[in-house]
Amino acid sequence: MAAFCFLFIATVALLISPALSLTCTSQTFSQRNTTFANCLDLPTLKAFLHWTYSPTARPNPTLSIAFIAPPAKPDGWVAWALNPTGSGMLGAQSLIAFKDTNGSIVVKTYNISSYGPISESKISYDVLSKRAEYSGGVMTIFATLALPAAEAEVNQVWQVGAAVNNGVPAKHAFAPENLSSKNTLQLMSDAAAPSISPASAPSPAGRQSGNVTGGSSRILGSALGLYGVLVLLGVTYFGF
Ligand SMILES: *[C@@H]1O[C@H](CO)[C@@H](O)[C@H](O)[C@H]1NC(C)=O
Ligand SMILES: *[C@@H]1O[C@H](CO)[C@@H](O)[C@H](O)[C@H]1NC(C)=O
Ligand SMILES: *[C@@H]1O[C@H](CO)[C@@H](O)[C@H](O)[C@H]1NC(C)=O
Ligand SMILES: CC(=O)N[C@H]1CO[C@H](CO)[C@@H](O)[C@@H]1O
């Protein structure tokens with residue numbers, strides 16, 4: 001009976017795995033040498049964050065990210081921000097990617113201090129590098145920020161918009177999803193990562209992407225965690 005249960009569970013786990021491959025752990029980047037230590041399926045706007053946090057980098061800790069999301073319309077924009085002074089849009093130190101007036105996909109920085117029209121400006125983080133790609137209907141922002149000090153967590157905000165007018169990203173929708181597109185990014189998620197260590201039992205998805213399965217959205221995270229546990233059970237039981 002126990003054997004049957006394990007077999008059944010393992011089969012179900014295998015059956016559900018294709019759906020889970022739509023998570024960040026199956027995403028790859030066009031530059032083959034681009035990898036990140038962690039990734040997260042963000043809970044709204046079909047967005048994903050990949051990141052590597054280097055708290056001991058000198059002179060400042062660094063956070064390298066790839067933020068992936070489909071713009072609300074093909075000529076729209078995607079944005080990712082840290083908010084060191086609050087949790088929402090006001091105070092967001094933003095990176096916004098869009099197709100510039102000359103047709104290039106650019107990333108510009110915006111210190112968002114009001115709900116009015118935004119304008120390009122410096123942000124409170126040193127931006128060590130930034131670039132963006134647009135392919136397959138999704139935009140990806142790549143950036144490395146210097147953080148003023150090592151932090152265990154930071155507030156992040158993300159957003160998508162439908163239009164860019166004369167090089168200025170236009171305001172986004174007011175839908176509930178937009179209003180809830182923020183949370184706290186646990187930078188030290190390695191410590192809190194699921195007990196499945198990639199070194200001892202790489203998940204199939206983790207192997208594909210070269211990413212460590214770090215955090216995940218609550219729902220997908222627990223599904224993936226469950227899947228991992230099931231795989232582990234299968235490994236233990238079947239010895240493969
Ligand atoms: C990764 O590859 C790109 C070209 O595909 C190159 O410009 C870049 O320097 C490489 N980065 C590293 C860290 O090797
Ligand atoms: C378009 O403008 C951006 C600056 O906004 C520049 O970095 C980029 O090289 C330009 N692209 C082309 C094709 O001229
Ligand atoms: C961002 O805007 C706020 C409010 O106007 C201002 O106090 C702050 O100095 C600005 N930050 C930077 C880096 O310019
Ligand atoms: C998370 C986020 O950016 N929410 C914003 C959605 O849009 C409304 C209206 O502009 C803002 O009030 C929210 O801050």
Side-chain angles (χ1 to χ4, degrees), residues 29-34 47 49-55 57-172 174 178-185 187:
F29 299 98
S30 58
Q31 289 189 357
R32 298 187 127 261
N33 59 6
T34 306
L49 186 77
H50 297 252
W51 83 93
T52 300
Y53 177 49
S54 305
R58 294 288 176 263
N60 285 91
T62 59
L63 177 62
S64 291
I65 61 108
F67 171 79
I68 304 173
K73 295 248 174 77
D75 285 329
W77 51 265
V78 307
W80 179 84
L82 291 181
N83 191 334
T85 55
S87 64
M89 179 173 154
L90 291 186
Q93 305 299 301
S94 310
L95 299 162
I96 307 188
F98 55 91
K99 198 186 290 175
D100 209 350
T101 44
N102 66 7
S104 292
I105 303 299
V106 294
V107 187
K108 296 187 178 181
T109 55
Y110 300 81
N111 171 17
I112 311 276
S113 53
S114 79
Y115 291 114
I118 59 173
S119 55
E120 188 179 5
S121 63
K122 277 185 71 75
I123 58 173
S124 64
Y125 298 92
D126 274 342
V127 182
L128 305 180
S129 67
K130 62 181 168 60
R131 67 184 180 87
E133 287 176 4
Y134 191 12
S135 75
V138 296
M139 279 188 192
T140 305
I141 296 175
F142 296 94
T144 299
L145 304 181
L147 304 188
E151 305 271 6
E153 56 180 45
V154 286
N155 291 327
Q156 64 171 340
V157 189
W158 61 97
Q159 200 50 257
V160 300
V164 177
N165 301 324
N166 298 318
V168 181
K171 74 171 195 278
H172 56 73
F174 292 73
N178 123 258
L179 301 168
S180 60
S181 295
K182 56 188 179 185
N183 66 19
T184 302
L185 177 63
L187 292 174

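Note that ligands are numbered from 1 as they come in the structure, with each ligand's atoms numbered from 1 the same way.
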Inset, instruction - For Ile123, counting its heavy atoms only, list the atoms of ligand 3 lying under 4.0 Å from any of them. - result: 13 (C)
Legend entry - Any protein heavy atom < 4.0 Å from atom 14 (O) of ligand 3: yes
Inset, instruction - Specify whether the nearest protein heavy atom to atom 7 (O) of ligand 3 is under 4.0 angstrom away. - result: no
Inset, instruction - Step through the shown structure and confirm whether more than 12 heavy atoms of other residues, nucleotides or ligands are within 6.0 Å of CG on Asp126. - result: no
Inset, instruction - Say whether Asn111, considering both its backbone and side-chain N or O atoms, lies within less than 3.5 Å of an N or O atom on ligand 3. - result: yes
Legend entry - Aromatic ring pairing Phe142/Phe29, orientation class (parallel under 30°, perpendicular over 60°, tilted between): perpendicular
Legend entry - Backbone N/O of Ala92 and side chain of Ser94: donor-acceptor pair under 3.5 Å: yes
Legend entry - Sidechain-backbone polar pair: Asn83 side chain, Leu90 backbone, donor-acceptor under 3.5 Å: yes
Would you mind checking which non-hydrogen protein atom is closest to [atom], with the distance to 0.1 Å?
atom	answer
atom 4 (C) of ligand 3	Ser113 CB, 3.7 Å
atom 12 (C) of ligand 2	Asn102 ND2, 3.3 Å
atom 9 (O) of ligand 2	Ser104 OG, 4.6 Å
atom 5 (O) of ligand 2	Asp100 OD2, 2.8 Å

Legend entry - From Ile96, Asp100, Leu95, residue fulfilling side-chain contact (heavy atoms from CB on, under 4.5 Å) relative to Lys108: Asp100
Inset, instruction - Show your reasoning for whether side-chain contact (heavy atoms from CB on, under 4.5 Å) applies to Phe98 and Val168. - result: CA-CA 9 Å; Phe98 55 91; Val168 181; over 6 Å; no
Inset, instruction - Compute the minimum heavy-atom distance from Ser124 to ligand 3 and say whether it is under 4.0 Å. - result: yes
Inset, instruction - Check whether any side-chain heavy atom of Asp75 sits under 4.5 Å from a side-chain heavy atom of Val164, and report yes or no. - result: no
